Amino acid sequence: KNPIGGECSAAMDCAAGAERCFKMENETKGVCSKTCTADTECGAIATCQPVEVSHTGGVYGKEGVTLNEKWCLPKEKAK
């Protein structure tokens, strides 16, 4: 199982502690990730970065809700 910041195709590829396999728009591979508030929550190969997340399918009772959240992403994806 891959750590937070490691590559994944699905959540089952990720170690405990990762909430999901986070995929950026138009990418087939994702990264094991979780929501965060500080870099210390993300392990050695990831940092806590702000992203704009679109939730579809009525997750919050609405279609296409966009939220600004912070997720653990690999350091090389940092802007």
Side-chain angles (χ1 to χ4, degrees):
K1 303 261 182 190
N2 296 325
I4 291 173
E7 191 175 89
C8 58
S9 296
M12 65 183 183
D13 297 332
C14 302
E19 293 173 17
R20 65 187 290 188
C21 181
F22 190 94
K23 293 181 182 176
M24 301 301 266
E25 196 171 25
N26 300 320
E27 289 186 11
T28 55
K29 291 282 186 181
V31 294
C32 298
S33 189
K34 68 175 194 157
T35 54
C36 58
T37 56
D39 289 344
T40 54
E41 299 173 55
C42 297
I45 62 172
T47 57
C48 189
Q49 301 174 42
V51 291
E52 200 172 83
V53 179
S54 293
H55 293 279
T56 57
V59 174
Y60 291 100
K62 299 178 184 174
E63 298 257 341
V65 175
T66 301
L67 301 171
N68 290 314
E69 300 176 349
K70 286 188 170 186
W71 285 81
C72 295
L73 297 175
K75 291 178 181 177
E76 63 269 13
K77 288 196 181 276
K79 294 181 179 176

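Everything numeric here is computed off the predicted structure, so don't read it as measured data.
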(message) Can you give me the closest heavy-atom contact between Cys32 and Pro3, atom names plus distance?
(response) CB-O, 3.4 Å
(message) Could you check whether the SG atoms of Cys72 and Cys48 sit less than 2.5 Å apart, since that is the cutoff I want to apply?
(response) no
(request) Output all residues satisfying side-chain hydrogen bond (donor to acceptor under 3.5 Å, both in side chains) with Thr28, sequence neighbours left out; order by chain, then residue number. (result) none
(request) Not counting sequence neighbours, which residues clear side chain to side chain contact (heavy atoms under 4.5 Å, CB included) with Ala38? List them please. (result) Thr40, Glu41
(request) Kindly say whether Ala44 contributes a backbone atom to a donor-acceptor pair with the side chain of Lys75 at under 3.5 angstrom? (result) yes
(request) Return yes if a side-chain donor-acceptor contact under 3.5 Å exists between Glu19 and Thr35, otherwise no. (result) yes
(request) Identify the heavy atoms of Ile4 and Gly17 that sit nearest to each other, and give their distance. (result) CD1-O, 3.9 Å
(request) Would you indicate whether Cys21 and Cys14 have their SG atoms under 2.5 Å apart? (result) no
(request) Taking the side chain as every heavy atom from C-beta outward, state whether Ile45 and Pro74 have any pair of such atoms under 4.5 Å apart. (result) no
(request) Could you tell me the separation between the NZ atom of Lys70 and the CD atom of Gln49, rounded to the nearest 0.5 Å? (result) 10.0 Å
(message) Taking side chain to side chain contact (heavy atoms under 4.5 Å, CB included) as the definition, give me every residue that meets it alongside Lys29, ordered by chain and number, with sequence neighbours left out.
(response) Glu7, Ser9
(message) Which heavy atom of Phe22 sits nearest to which heavy atom of Ser33, and what is that distance?
(response) CB-CB, 3.7 Å
